[in-house]
Amino acid sequence: MEQKVILLFITNLLVLAAFYASIPIIPIYCQEIGITGSRVGIVLTAMSVATILFRPVAGYLLDNFNRYRVYLLFLALFCLSFPAFIAFPVFGALIIVRLYMGAVYSVCGSATMTLAGDVLPQSKITAGISRFAFTVSIGMAVGPYVGLQVQNHMSSKASFLTIFGITVIALICVSCCRIRYPKVERKKFSIRDSIYGPALPFMFNMMFLMIPYGAVIAYSSIFAQEKDLIAYLLYFYITLVAGMLVSKLSTQKMIDSGKHRVLVYASLVVLILTMASYLFMTTGIHLLLAGFLFGLGYGILQPLFQSFVTGTTPAPQRGVANATYMLSYDIGIGIGSLLMGCLQESIGLPIGFALTAIAYVIGGIVYIVYVDRYYRRLHR
């Protein structure tokens, strides 16, 4: 069991690193092939649209078929999306590639967490998933660093091939798990059953918290170019990882002991101040500090909300519950990417980044007014 958890941990980290590596390199790649302005936002957002539409199907597949085999199939399909960026360098074709990528990733993004919940002992699920969900935070930070590093030193095509290699390694890792499931009693697909109601408040709350993240990750490379800070951009992702590691090491005991409220409040204050500071960002030190604080906030919030969902869901419904919750990432990042594509042309990226802090305020209000009490009621 321990070996399977480790392999799933590595797999999830690699898959998420590959996915998030593509986000900041796509805008630069689009500019290289003549796609600019709001059309870049459309290419980025196309994947979110497909993922949102396909997530209900993903939950159904994971709960009504052999979860392990479903994941193997869709991870193999996910691998193919990265060479497709090189094969079809045209605006319309890239939208189709992103739609395809979104459909297959909707399963991959939900499956690993579900498989991990299945192999962990019942008594260790909440704490185990909180630690396992840290792969989301690290993947979000390490992926863009690797993608941009290869893109800057070699080419956009080389970066896509590198990401393809990462996903192949992930496929090999999960192939070694060999998780066995009993035969599942298959139900008919219905939209109502494909959404897990108890996970919706967590999904809705996290959706607002992911909007600024989508904006920053998608447009950090263009922002750095505009501010002549491109030399510091790679280190931005290193400080992002450092912030996530510090948050994880310093707050895990508080998470395990149920002191969630103070962690959420502290994270939101840090993130609001960080996004507001983009208004007057002119130095590399400021950019690196923003990366560290960004990592500090999300290194707490992402594992925490994932543990809320998995820790309150019965095993047979974990596939659809995780698929429902992961909609928050799809919608939030999609809104953030599309919003910044529009704001870049109208008011500029510094003001646009600062305005996204409003999403944190809304997310904080939702948590205070409803989600905190809702979680405590479910967790009894």
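- Within 6.0 Å of OH in Tyr235 there are 12 or fewer heavy atoms belonging to other residues, nucleotides or ligands.
- To the nearest 0.5 Å, atom CD1 of residue Ile166 and atom CG of residue Leu16 are 11.5 Å apart.
- Under a cut-off of 6.0 angstrom, the local environment of CZ in Phe88 is sparse, with at most 12 non-hydrogen atoms contributed by other residues, nucleotides or ligands.
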**OP:** Kindly determine whether Cys30 and Arg39 satisfy side-chain contact (heavy atoms from CB on, under 4.5 Å), including the steps that lead there.
**Re:** CA-CA 9 Å; Cys30 285; Arg39 295 208 302 170; over 6 Å; no
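- Going from atom CD1 of Ile333 over to atom OG1 of Thr51 covers 9.5 Å, rounded to the nearest 0.5 Å.
- Not counting sequence neighbours, the partners of Ala21 by the side chain to side chain contact (heavy atoms under 4.5 Å, CB included) test are Ile163.
- Applying the ring pair (Phe, Tyr, Trp, His ring centres under 6.0 Å) criterion to Phe236, with sequence neighbours excluded, gives no partner residue.
- Cluster partners of Leu273 are Val269, counting Ile, Leu, Val, Met, Phe, Trp and Tyr whose side-chain heavy atoms approach within less than 4.5 Å, directly or via other members.
- Residues satisfying the ring pair (Phe, Tyr, Trp, His ring centres under 6.0 Å) test with Tyr20, not counting sequence neighbours, are none.
- Tyr278 places no side-chain N or O within 3.5 Å of a backbone atom of Gly352 that could act as its donor or acceptor partner.
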**OP:** With side-chain contact (heavy atoms from CB on, under 4.5 Å) as the test, would you mind laying out the steps for Ile230 and Leu233 before giving the verdict?
**Re:** CA-CA 5 Å; Ile230 199 69; Leu233 183 60; 4.0 Å; yes
**OP:** Start with the C-alpha distance between Met47 and Phe19, add both sets of side-chain angles, then the distance that settles side-chain contact (heavy atoms from CB on, under 4.5 Å), and finish with yes or no.
**Re:** CA-CA 11 Å; Met47 176 173 173; Phe19 169 62; 2.7 Å; yes
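- Hydrophobic cluster membership for Val90: none, as no Ile, Leu, Val, Met, Phe, Trp or Tyr side chain comes under 4.5 Å of it.
- Put simply, the side chain of Thr274 never gets that close to the backbone of Phe294: no donor and acceptor are under 3.5 Å apart.
- A distance of 10.0 Å separates CG in Leu349 from OG in Ser220, rounded to the nearest 0.5 Å.
- With a 6.0 Å radius and a threshold of 12 heavy atoms from other residues, nucleotides or ligands, Tyr232 has its OH atom at or below the threshold.
- Residues satisfying the side chain to side chain contact (heavy atoms under 4.5 Å, CB included) criterion with Ser159, sequence neighbours excluded, are Ile25, Val150, Gln151, Ser156.
- With hydrogens and angles ignored, the 3.5 Å screen pairs a side-chain donor or acceptor of Tyr374 with a backbone N or O of Pro198.
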**OP:** Determine, step by step, whether Ile368 and Tyr265 satisfy the side-chain contact (heavy atoms from CB on, under 4.5 Å) criterion, reporting the C-alpha distance in whole Å, the side-chain angles of both residues, the deciding distance to 0.1 Å, and the verdict.
**Re:** CA-CA 9 Å; Ile368 293 168; Tyr265 296 162; 3.5 Å; yes
